[in-house]
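Presented below is the structure to which this report refers.
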Amino acid sequence: MKNRHQAYFQTPIGTARITGDGTSVVSLEVLDEKFIERDVIPDYIIIAINQLNEYFEGERKVFDFPIAPQGTEFQRKVWSELSKIPYGKTISYAEQSKRMGDLKAIRAIATANGKNPLWIVVPCHRVVGSNGSLTGYAGGLWRKKWLLEHEKCEKQQSLF
């Protein structure tokens with residue numbers, strides 16, 4: 001990656017680290033450590049930070065900043081399928097495998113989910129066990145639970 005940029009910002013679930021390649025965001029992860037931002041942040045990463053802040057404030061359900069996750073062809077297909085899961089919905093690993101046309105590939109698909117470099121934006125947190133249990137999340141199950149509860153809590157409109 002020739003023009004690598006990184007930025008850090010605080011979220012309700014930890015410090016987010018965004019890495020970009022000069023034009024697109026290539027990874028987003030949430031860390032327990034705190035970091036102080038020291039670099040000038042490029043516009044494309046500022047757009048990503050703004051959209052993520054809107055997500056955490058409950059004002060955004062879909063991200064449209066440029067992304068370019070790095071992975072194998074199979075991983076990118078799995079991540080593409082993850083992107084089709086709507087905000088506030090979950091599917092099982094078995095359902096994801098069925099959607100991808102190969103129920104026998106469930107373990108490989110789950111492994112690819114775990115290598116998703118764009119947490120939240122490519123919503124691997126929306127995949128749960130067949131019985132609805134929270135299984136596997138690189139950021140920790142407490143973050144997965146927080147994200148799912150955050151997405152479940154639709155703000156009610158006032159009638160008056």
Side-chain angles (χ1 to χ4, degrees), residues 1-91 93 96 99-100 108-129 134-156:
M1 224 185 301
K2 55 184 174 180
N3 293 323
R4 185 176 176 177
H5 300 109
Q6 281 193 336
Y8 298 89
F9 69 99
Q10 292 305 305
T11 76
I13 58 173
T15 303
R17 176 172 55 202
I18 295 180
T19 303
D21 66 4
T23 57
S24 300
V25 173
V26 296
S27 71
L28 166 67
E29 57 188 326
V30 183
L31 311 167
D32 293 324
E33 301 88 8
K34 293 193 183 281
F35 293 87
I36 297 171
E37 191 58 57
R38 294 196 171 105
D39 295 331
V40 174
I41 303 172
D43 289 344
Y44 74 102
I45 290 183
I46 290 172
I47 291 167
I49 290 170
N50 290 338
Q51 288 189 17
L52 285 156
N53 281 327
E54 290 168 0
Y55 167 85
F56 283 113
E57 292 168 4
E59 298 169 2
R60 177 174 288 275
K61 297 179 182 179
V62 176
F63 300 99
D64 58 11
F65 57 85
I67 62 172
Q70 305 297 303
T72 66
E73 183 179 343
F74 176 75
Q75 288 170 330
R76 289 191 311 272
K77 284 180 185 176
V78 169
W79 302 333
S80 176
E81 192 62 41
L82 288 172
S83 296
K84 297 175 187 174
I85 306 169
Y87 179 97
K89 304 289 183 196
T90 59
I91 66 169
Y93 290 95
Q96 185 182 8
R99 289 180 180 189
M100 294 192 66
I109 289 169
T111 298
N113 284 358
K115 294 185 187 270
N116 169 21
L118 287 163
W119 300 2
I120 304 166
V121 177
V122 176
C124 55
H125 62 278
R126 296 180 188 154
V127 183
V128 298
L134 300 185
T135 58
Y137 189 64
L141 290 181
W142 76 269
R143 284 190 176 104
K144 182 172 187 164
K145 181 179 181 189
W146 191 98
L147 291 166
L148 292 173
E149 287 177 359
H150 173 71
E151 291 183 4
K152 227 178 3 180
C153 296
E154 289 290 313
K155 292 183 181 171
Q156 293 228 334

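Heavy atoms only: backbone and side chains are in, while hydrogens, waters and symmetry mates are out. Owing to the predicted nature of the structure, the values given are computational and were not obtained by experimental measurement.
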Task: Asn113 and Thr111: CA distance, side-chain angles, deciding distance, side chain to side chain donor-acceptor pair (under 3.5 Å) verdict - done: CA-CA 5 Å; Asn113 284 358; Thr111 298; over 6 Å; no
Open item on the list: Could you tell me if the side chain of Phe63 sits less than 4.5 Å from the side chain of Ile120, heavy atoms only?
Closed with: yes
Open item on the list: Within this structure, what is the CG-CD1 distance for the pair Leu52 and Ile45, rounded to the nearest 0.5 Å?
Closed with: 11.0 Å
Task: For Tyr8, all residues meeting ring pair (Phe, Tyr, Trp, His ring centres under 6.0 Å), sequence neighbours excluded - done: Phe35
- [ ] Could you pull out all residues at least two apart from Asp32 that satisfy salt bridge (Lys or Arg N to Asp or Glu O under 4.0 Å)?
- [x] Arg143
Task: Ring center gap for Tyr137 and Trp142 short of 6.0 angstrom - done: no
Open item on the list: Given 3.5 Å as the limit, does a donor-acceptor pair link the side chain of Ser24 with the main chain of Gly20, or not?
Closed with: no
Task: Heavy-atom check, side chain of Leu28 versus side chain of Val122, under 4.5 Å - done: no
- [ ] Show your working on side-chain contact (heavy atoms from CB on, under 4.5 Å) between Val25 and Leu118 and close with a plain yes or no.
- [x] CA-CA 8 Å; Val25 173; Leu118 287 163; 3.6 Å; yes
Open item on the list: Nearest 0.5 angstrom please: Ser27 OG to Gln6 CD, how far?
Closed with: 7.0 Å
Task: Closest contact, heavy atoms only, Pro69 versus Pro117 - done: CB-CG, 3.7 Å
Task: By side-chain hydrogen bond (donor to acceptor under 3.5 Å, both in side chains) - contacts of Thr11 (at least two apart) - done: none
- [ ] Ignoring hydrogens and angles, tell me if any N or O in the side chain of Gln70 forms a donor-acceptor pair with the backbone of Val26 under 3.5 Å.
- [x] no
Open item on the list: The test is side-chain contact (heavy atoms from CB on, under 4.5 Å); show your working for Thr19 and Arg4 and say whether it passes.
Closed with: CA-CA 7 Å; Thr19 303; Arg4 185 176 176 177; 3.5 Å; yes
Open item on the list: Name the residue from Lys61, Arg126, Lys89 that meets the side-chain hydrogen bond (donor to acceptor under 3.5 Å, both in side chains) definition with Glu151.
Closed with: Arg126
- [ ] Would you give the length of the straight line joining atom CG of Leu147 to atom CG of Leu134, rounded to the nearest 0.5 angstrom?
- [x] 10.5 Å
TODO: Enter the distance from Leu82:CG to Ile109:CD1 here, rounded to the nearest 0.5 Å.
DONE: 9.5 Å
Task: Partner of Ile18 under side-chain contact (heavy atoms from CB on, under 4.5 Å), chosen from Phe65, Phe9, Tyr44 - done: Phe9
Task: Main-chain N/O of Val127 paired to Thr90 side chain as donor or acceptor, under 3.5 Å - done: no
TODO: With side chain to side chain donor-acceptor pair (under 3.5 Å) as the test, would you mind laying out the steps for Tyr55 and His150 before giving the verdict?
DONE: CA-CA 9 Å; Tyr55 167 85; His150 173 71; 4.8 Å; no
Task: Spacing of CG belonging to Asn53 relative to CD belonging to Gln51, to within rounding of 0.5 Å - done: 10.5 Å
Task: Short side-chain to backbone donor-acceptor contact, Asn116 and Trp79, under 3.5 Å - done: no
TODO: Would you check if Val78 and Gln96 make a side-chain contact, meaning some heavy-atom pair closer than 4.5 Å?
DONE: yes
TODO: Drop me the distance from Glu54's CD to Arg60's CZ, to the nearest 0.5 angstrom.
DONE: 4.5 Å
Open item on the list: Using only atom types and a distance under 3.5 Å, with no angle test, would you say the side chain of Gln75 pairs donor to acceptor with the backbone of Thr72?
Closed with: yes
- [ ] Return yes when atom CD of Glu149 has more than 12 non-hydrogen atoms of other residues, nucleotides or ligands closer than 6.0 Å, and no otherwise.
- [x] yes
TODO: Locate the shortest heavy-atom distance separating Phe74 from Ala112; write the atom from each residue and the value.
DONE: CE2-CB, 4.1 Å
Task: From CA spacing to verdict: side-chain contact (heavy atoms from CB on, under 4.5 Å), Ile67, Val121 - done: CA-CA 9 Å; Ile67 62 172; Val121 177; 4.2 Å; yes
Task: Heavy-atom pair of closest approach, residues Gly139 and Trp119 - done: CA-CH2, 3.3 Å
Task: Expected output: side-chain Lys144 to main-chain Thr135 donor-acceptor under 3.5 Å - done: yes
Task: Lys77/Glu73 salt bridge by N-O under 4.0 Å criterion - done: yes
TODO: Might you work through the side-chain contact (heavy atoms from CB on, under 4.5 Å) test for Ile85 and Arg99, ending with a clear yes or no?
DONE: CA-CA 11 Å; Ile85 306 169; Arg99 289 180 180 189; 4.2 Å; yes
TODO: Evaluate whether atom CG of Asp64 has more than 12 neighbouring non-hydrogen atoms of other residues, nucleotides or ligands under 6.0 angstrom away.
DONE: yes
